[in-house]
Amino acid sequence: MADRQAPLTKKSQVLAVIEAGGRVAQAARPGLYRLLNRAGQEVPAWQTAIKAAHAALTDQVKP
């Protein structure tokens, strides 16, 4: 398990993954999100960081 990545803990880190082609997806449980990289592989990240990044992105889209 040497290739296991430490979870991202900051909104800016999650946004960097999204800017590189990643996306936020719903998890199997309601209210939880998964961060996926460009290849569709899950990137470990804290829920608070994912939710903050997701909220920041959706706020930019609203008129």
Side-chain angles (χ1 to χ4, degrees):
M1 287 202 184
D3 62 343
R4 184 163 175 98
Q5 180 181 349
L8 305 180
T9 59
K10 298 179 181 176
K11 175 177 77 171
S12 60
Q13 295 171 316
V14 173
L15 287 172
V17 172
I18 294 169
E19 289 171 1
R23 63 186 177 97
V24 174
Q26 283 285 98
R29 292 178 43 195
L32 294 181
Y33 296 102
R34 297 182 327 150
L35 178 62
L36 304 175
N37 64 14
R38 174 180 274 174
Q41 298 170 323
E42 190 165 356
V43 177
W46 286 10
Q47 285 296 303
T48 52
I50 296 173
K51 289 177 182 178
H54 187 257
L57 291 173
T58 55
D59 284 346
Q60 291 178 357
V61 174
K62 291 181 183 175

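Below, all heavy atoms of this structure are taken into account, side chains as well, without hydrogens, waters or symmetry copies.
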Student check: side-chain heavy atoms of Ile50 and Gln47 closer than 4.5 Å: yes
For residues 11-19, please give each side-chain donor-acceptor pair under 3.5 Å, one per line with the distance, not counting sequence neighbours.
unit_1	atom_1	unit_2	atom_2	d
Gln13	OE1	Thr9	N	2.8
Gln13	OE1	Lys10	N	2.9

Partners passing salt bridge (charged side-chain N to carboxylate O under 4.0 Å, His left out) against Arg38 (at least two apart in sequence or in another chain): none
Let me check something: any side-chain donor-acceptor pairs from residues 26-37 under 3.5 Å, sequence neighbours excluded? List them with distances.
unit_1	atom_1	unit_2	atom_2	d
Asn37	OD1	Ala39	N	3.0
Asn37	OD1	Gly40	N	3.1
Asn37	OD1	Gln41	N	2.9
Asn37	ND2	Gln41	OE1	3.4

